[in-house]
Amino acid sequence: MADNPYLAYLKSPQRGVTSSTNSDREPLFDFLSRKVKGRQVRKAMDHQLNPFTKQPHSAQYRKILEDRRVLPVYAQMDPFLKIFSKNQIMIIVGETGSGKTTQIPQFVAYSDLPHTKGKIVACTQPRRVAAMSVARRVADEMDVQLGKHVGYSIRFEDMTDPGTTFLKYMTDGVLLREAMNDKELSRYSTIILDEAHERTLATDILMGLLKDLARRRPDLKIIIMSATLDALKFQSYFSLHQPGEDPSPAPLFKVPGRTYPVEIFYTQEPEPDYVEAAIRAVLMIHRVENPGDVLLFLTGEEEIEDACRKIRLEADDLIRTNPSSVGPLMCIPLYSSLPPQQQQRIFDAAPKPIQEGYPPGRKVVVATNVAETSLTIDGIVYVVDPGFSKQKVYNPRIRVESLIVSPISKASAQQRAGRAGRTRPGKCFRLYTENDFNSGLDEQTHPEILRSNLANTVLQLAKLGIKDLVRFDYLDAPAPETLMRALELLNYLAALNDEGELTPLGSIMAEFPLDPQLAKMLIVSPEFKVSNEILTITAMLSVPTIWVRPLHQRAAADQAKTLLTVPEGDHLTMLNVYNTYLQNKSNHSWAWNNFVSARALAQAENVRAQLLGMMERFKIECISLEDERKRNLGIQQTLVRGFFMQVAHREGEAGTYLIVKDSQVVALHPSCDLDFRPEWVLFNEFVLTKRPYIRTVTAIQPEWLLEFAPAYFDLSTFPDDETKRALQRVAKKHRNSTSTRNESNKSDMRTDTQSTSAQAKPKAPKKKRNKKRRPKKGGSGLVYECTSRRQRDKSVERFSDYFDPALGFTESDYDRSD
DNA sequence: GAGCACTGC
């Protein structure tokens, strides 16, 4: 640090003494960290030299600076710097177009002078594209090379230069991951959480961490930036506690937006069929409104494709019956599972008139919620908002996340309407009554933390050193059962011990960017010598579906899939698809010819490489078994090690299944390729659509359940049904043959366990284990599961303080049916 | 015999 010219300068006795020669050479001449005034910043911005590179400013810099000067936030530089100087935490509210995302971090950099302290100013974004594109823009604005002084960091891509980068845009998830290994976030001088109103899981957890960290690190400044006016909530959450005084809310800084007015129209009566009403609204706009493109919000792919078809038909009809009254209409679907090339079509220009002098054409984009936050379409003048979207909900009782079409919030409706006023004044047609808007809609969309399975989050919190997960200072606390379910799962996976503390295994699991079940499975996979294969399967399960099934080629697609299918189950089929893809990599049409998504496979390759790097870091061997039969068996057994809580048993001959321990009746999803119906199956996913289905399914042997997860498969905790009786029969047989089988197993599959799980091996359990469990052979992953009933029940009692009787949550939900 | 709103590590 001694050779840092800025630091030397700040320490020099002449500091602050004005001298024209000094300030000519040094744009930040009289700057005092965090006491900088707007006048000083503006002068530095106008300086001939770039203060960060010492190079003369380019012509492009000056041109961009002119654009920046008209941003609403630019005019507020002085008050912003004043509040920033005086406070550790502040809240900023700025509507779209205020320029807060690009300008505030730069203002902070000029005041904080992170480069003089070897620190970084961080600005988080919920989405990767935003982090990348904003960083690129800001690098241009500051006249520096992207990845040098200004950079970004997202999964798979760290575009920063350690030691040089002092302004870093990043996804909220990346910052959360950094916090796991540096709890003080010591490299940052200021952390800005942008788009906080979106309330992503990562942002919510970060807010809790930062609130706590602010007390321990008085030198850390925190800025929460939000678009909507729920700022009051942030203000009181981050209120300041001075000793002996009442808490005062964190200071609020408001920036006006820069959008055009949007006129709102409501229906007189509620619409019984919103899709039909939406189509009518679009055609009405097309017939009677001035030129300008239309954006219609619907909920999903099927609905969108259907609506597009109908709109096109009707529009063709209109132009055929009266060609001079309306122009041609172009209808474009938009949802995220569309290939990027087709998504690009939303930027196409509206069609030209069919002949000169005839009405101009119009573009209609029919989109999901992607168009609400992620993608901005220029030129939209009319928005049609039926008021619904698909939202994730989590039901902890049945441990299932599902997508439900639900009414949107007021904030969401306002966001949608705003999309009509980006380039000129617009109109928004809401297909619900004004009364419904005022009294029927929630103010804000429920934050993600209230709608998600929190297994992953709880593991991360444990890794972050949060001792009491239930009393963590959440902005919105999740339902107690949701936390219970997460704790329960992590305990069964041996990531948390019975005291709810992180085990060494859990500590490694938390490092992997995977669901806990997948992380567990991957970490123990060398014990079965199939880690190479499990790695591939894990990567394949982490990307969107690889199967492509075009509407008009369904039979061909299904036939192609049959050729890739492995009879034992979908997991092995995925492995086969990946390997076949690698073998045919030189053939660029292979994916297309075989109806699989090249994009998803490339993503899987990427994920696989990242996970392989992490396995190396934790010295988890990547190995295969030669013999195909043994290999497949090993894979199936390893799957059980992670997913023993997701097992179903066939009921009679009808072909339906019962989820073990839950007694939930399910059917195999039609996409499953098990042509025989195995008695016992393990599934990756439970989906609740028209009926309950299990998806991505593999046949297993019931003995494995008793062997690998004895705590979970303690039959005395099971409901009295056919599944229990079947397991009892298996257990009896199992006991009779245990001694001989164990011997052969040891020599067959488990020879190298010591080396692979040396780091993951937890301390030996304190209490005596039940007899039926495997003997305490060193290194066996089984020790992770060796939790006696008594121990588990004790832990449940600890958690039971947080049950809410009003929710009808009973003891039997927690398998305490003694 | 059916579907994947949207992000993120």
Side-chain angles (χ1 to χ4, degrees), chain A residues 124-131 153-158 170-181 195 198-206 297-306 334-338 367-375 388-393 401-406 408 412 445 447-449 451-452 456-457 459-460 463 509-516 518-519 539 542-551 554-555 557-558 597 600 603 606-607 610-611 613-614 655 667-675 685 687-696:
Chain A
T124 68
Q125 298 292 320
R127 281 168 294 279
R128 299 164 55 173
V129 273
S153 188
I154 59 177
R155 186 184 186 183
F156 304 127
E157 199 181 354
D158 184 10
M170 63 208 298
T171 43
D172 46 13
V174 167
L175 185 62
L176 192 55
R177 234 152 237 285
E178 285 187 7
M180 295 197 317
N181 290 308
E195 314 287 3
E198 289 194 26
R199 302 291 306 278
T200 66
L201 251 171
T203 297
D204 265 29
I205 300 299
L206 280 169
F297 286 99
L298 290 178
T299 65
E301 171 175 347
E302 196 181 336
E303 210 174 80
I304 288 171
E305 293 291 358
D306 192 45
L334 174 68
Y335 42 90
S336 75
S337 57
L338 272 179
T368 61
N369 256 5
V370 267
E372 200 181 297
T373 47
S374 310
L375 272 164
F388 292 96
S389 72
K390 275 192 191 167
Q391 285 168 40
K392 183 171 73 181
V393 288
E401 271 181 356
S402 39
L403 289 168
I404 310 276
V405 174
S406 330
I408 60 172
S412 194
T445 308
E448 204 182 357
I449 197 167
R451 298 184 286 119
S452 306
N456 223 336
T457 306
L459 183 60
Q460 282 185 359
K463 176 81 182 182
M509 283 169 62
E511 296 268 354
F512 282 84
L514 294 170
D515 279 343
L518 289 170
S542 305
V543 299
T545 182
I546 49 162
W547 306 107
V548 178
R549 206 159 173 261
L551 200 61
R554 290 192 169 170
D558 292 346
S597 158
Q603 257 177 288
N606 218 352
V607 172
Q610 189 195 26
L611 296 176
M614 302 191 64
L668 291 188
H669 194 274
S671 68
C672 289
D673 278 316
L674 289 163
D675 39 4
E685 207 183 357
V687 286
L688 196 59
T689 49
K690 285 184 182 144
R691 341 164 23 182
Y693 287 106
I694 50 177
R695 192 156 57 185
T696 313

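Here is how names work: the chains are called A, B, and so on, in the same order as the sequence lines, proteins then strands, and each is numbered from 1. Keep in mind it's a predicted model, so treat the numbers as computed, not measured.
Residues A:Lys392 and A:Leu403 are in side-chain contact: their nearest non-hydrogen atoms beyond the backbone lie under 4.5 Å apart. At a threshold of 4.5 Å between non-hydrogen side-chain atoms, the residues A:Asp204 and A:Thr457 do not count as touching. Looking only at side-chain heavy atoms (C-beta outward), A:Val607 and A:Arg155 come within less than 4.5 Å of each other.
Heavy atoms of A:Phe156 sit nowhere under 4.0 angstrom from any nucleic acid atom. Within 4.0 Å (heavy atoms only), A:Leu176 reaches no atom of the nucleic acid at all. The residue A:Tyr693 sits close only to the backbone: its heavy atoms come under 4.0 Å of sugar-phosphate atoms, none of a base. Note on A:Thr545: a base of the nucleic acid sits closer than 4.0 angstrom, heavy atoms only. Contacts of A:Arg554 with the nucleic acid, taken as non-hydrogen atoms under 4.0 Å apart, include base atoms. Residue A:Arg691 is classed as having no contact, given no heavy-atom separation below 4.0 Å to the nucleic acid. Among the heavy atoms of the strands lying under 4.0 Å from A:Arg155 is at least one base atom, whether or not backbone atoms are also near. Residue contacts shown for A:Thr200 are absent, as no nucleic acid heavy atom lies under 4.0 Å away.
With sequence neighbours left out, A:Thr696 forms a side chain to side chain contact (heavy atoms under 4.5 Å, CB included) with A:Leu541, A:Asp570, A:His571, A:Met574, A:Asn684. The side chain to side chain contact (heavy atoms under 4.5 Å, CB included) test applied to A:Ala367 returns A:Leu295, A:Leu334, A:Val365, A:Ala371, not counting sequence neighbours.
Scanning DNA chain B 5' to 3' for nucleotides with an atom closer than 4.0 angstrom to a non-hydrogen atom of chain A gives a first and last hit of B:dG1 to B:dC9.
The structure places CD of A:Gln391 at 11.5 Å from CD of A:Glu448, a figure rounded to the nearest 0.5 Å.
Along DNA chain B, the nucleotide nearest A:Pro544 and the nucleotide nearest A:Leu514 are compared for position; the residue whose nucleotide lies closer to the 5' end is A:Pro544.
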